[in-house]
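Down below is the structure, laid out as structure tokens.
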Amino acid sequence: MSPSGVTFLVRRLLREGRVVEVDPLAKGKGSGSGRPALRLLPTPLSGWVAGIDFGHKHISVALADGSGAEIGSAMTLLNVDINAQEAMNAACELLDRLCKKYEVGDLVTIVAGIPGPVDAQRGVVRSPTVLSGWVGLDPAAELQRRLGHSVRVENDAVLGAIGEHRRGVASGHDDVLYVKISDGIGAALILGGRIYKGSAGLAGEIGHNRLENNAELCRCGSRGCLEAVVSVDSVVAQLAHSHEGVTIDRIDSLPFADEITDRIFSDAGRTVGQALSSLCNLLNPSLLVVGGTLGTANPALLTGIRLGIDQYAQPATAQGMTVAAAEHGSRAELVGALYLAARATF
Ligand SMILES: [Zn+2]
């Protein structure tokens, strides 16, 4: 940049309070005889922020400082889909306990993610088929009433995509497809470097795309939906035939390394890859990030997704796209929530 361009920008940053001038360093070797140099440092951010991640069957909360660096988190298991009020009470209690543990007083910003479509204009949950107990609710208003603080609510996959784009494996990519595979399957799109949410904020609900030749009953009342065929439940049911004691809450901590497990995950991956191939043809992303509990439970899932895409997407599209596991795994949504919350304080 030209010296005048740098001067202009530094003046602006100083005016906006984003940087401060601090003591000049001692003149170094080769310094001229002019005005002593000043050091510029980013303005220290004050206050604490929080993120809440509602899954279909769990709630996680985390606290971070003003830069978004996490200081602690907590998690509880609960059927979130059906018990909306109970889930929001539990999230607020969990957050309250975490604040007490870390002696955090007032929170500056709170961002929450929910596993379903949120109407961008009205802020209410729109889908009776995905989050049956939440329809018509305004989660931001409900959480605000309980916490006494304004809360921003986003779709969870959107937060996961932001977490991976700003702080993870998708950094530097402008066109990214993020897919969260857990108890349900949701996606978020980053196109041209920006999150794309669609006309009403409902883009990315790929879990209920129909798969041909499948008749599994889905929670939405339809049959053969992608997330009815591939989910934590379905994989656990398959694993249970050969692995005693496999449970949903332990699926990402069991040291699976056998042929049957790899086949089950690889087969699930191929199904997802086939379903995503048309999206890849349509959008031509440079990176597909796979997150969620199941998405990062076994590398064979990723191998299967790669195979499915290579087989069904256009060759040039498939070859130009990397498939990668979410760097933050099933915590990507929390990372994204904390990033957004910290950015809002700044
Ligand atoms: Zn469905």
Side-chain angles (χ1 to χ4, degrees), residues 51-62 75-91 94 110-120 123-140 142-143 151-164 178-189 195 197-198 200-209 218-221 225-228 230-235 248-249 251-252 272 289-297 326 328-337 340:
I52 304 173
D53 174 36
F54 289 98
H56 287 291
K57 290 174 181 164
H58 77 267
I59 301 163
S60 300
V61 300
M75 203 259 278
T76 187
L77 297 175
L78 187 82
N79 188 336
V80 170
D81 292 12
I82 293 173
N83 307 306
Q85 301 294 343
E86 200 182 318
M88 283 187 277
N89 288 341
L94 210 56
I110 304 167
V111 174
I114 65 164
V118 186
D119 188 303
V124 297
V125 178
R126 276 284 291 273
S127 175
T129 55
V130 182
L131 278 173
S132 53
W134 292 62
V135 179
L137 274 181
D138 180 339
E142 293 279 342
L143 288 167
V151 179
R152 172 174 171 180
V153 171
E154 290 282 355
N155 171 267
D156 61 347
V158 166
L159 292 182
I162 291 171
E164 289 297 326
Y178 174 84
V179 181
K180 179 186 175 187
I181 311 175
S182 289
D183 298 299
I185 297 183
L189 306 165
I195 281 282
K197 295 186 186 176
L202 313 179
E205 290 298 324
I206 59 162
H208 301 277
N209 285 7
C218 180
R219 75 177 97 197
C220 75
C225 294
L226 176 59
E227 70 171 47
V230 178
S231 69
V232 173
D233 277 342
S234 67
V235 169
I248 288 168
D249 53 323
I251 194 168
D252 55 353
V272 174
V289 182
V290 183
T293 310
L294 200 60
T296 46
H328 300 289
S330 55
R331 305 189 85 253
E333 285 68 30
L334 266 186
V335 173
L340 274 191

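Just so we're clear, the structure is a prediction, and the values are computed from it rather than from any experiment. As a basis for the values below, the full set of heavy atoms in this structure was taken, side chains included, without hydrogen atoms, waters or symmetry mates.
- Taking 4.0 Å as the cut-off between side-chain N and carboxylate O, Lys180 and Glu164 do not count as a salt-bridged pair.
- Here the side chain of Ser234 pairs a donor or acceptor atom with the backbone of Ser231 at under 3.5 angstrom.
- Leu143 is not listed as a side-chain neighbour of Ile110, based on a closest heavy-atom distance of 4.5 Å or more.
- Put simply, the side chain of Ser182 gets close to the backbone of Thr293: a donor and an acceptor are under 3.5 Å apart.
- Legend: residues meeting side chain to side chain contact (heavy atoms under 4.5 Å, CB included) with Ala87, ordered by chain and number and at least two apart, are Phe54, Ile59, Leu78, Val80, Trp134.
- With values rounded to the nearest 0.5 angstrom, Ile185 atom CD1 is found 3.5 Å from Leu226 atom CG.
- By the side chain to side chain donor-acceptor pair (under 3.5 Å) test, Glu86 is found to be paired with no residue, residues two or more places apart in sequence or in another chain being considered.
- When side chains are defined from C-beta on, Asn155 counts as touching Glu205, because their heavy atoms get closer than 4.5 Å.
- In this structure Asp119 satisfies the side chain to side chain donor-acceptor pair (under 3.5 Å) test together with Arg126, sequence neighbours excluded.
- Listed by chain and number, the residues in a side chain to side chain contact (heavy atoms under 4.5 Å, CB included) with Val290 are Ile181, Leu288, Leu301, Leu302, Ile305, Val323 (sequence neighbours excluded).
- Listed by chain and number, the residues in a side chain to side chain contact (heavy atoms under 4.5 Å, CB included) with Ser60 are Asp53, His58, Met75, Leu334 (sequence neighbours excluded).
- For Asn79, the side chain to side chain contact (heavy atoms under 4.5 Å, CB included) criterion is met by Asp81, Ile82, Asn83, not counting sequence neighbours.
- Put simply, the side chain of Ile162 does not reach to within 4.5 Å of the side chain of Glu154, judged on heavy atoms.
- With respect to the salt-bridge test (charged N to carboxylate O, under 4.0 angstrom), the residues Asp233 and Lys57 qualify.
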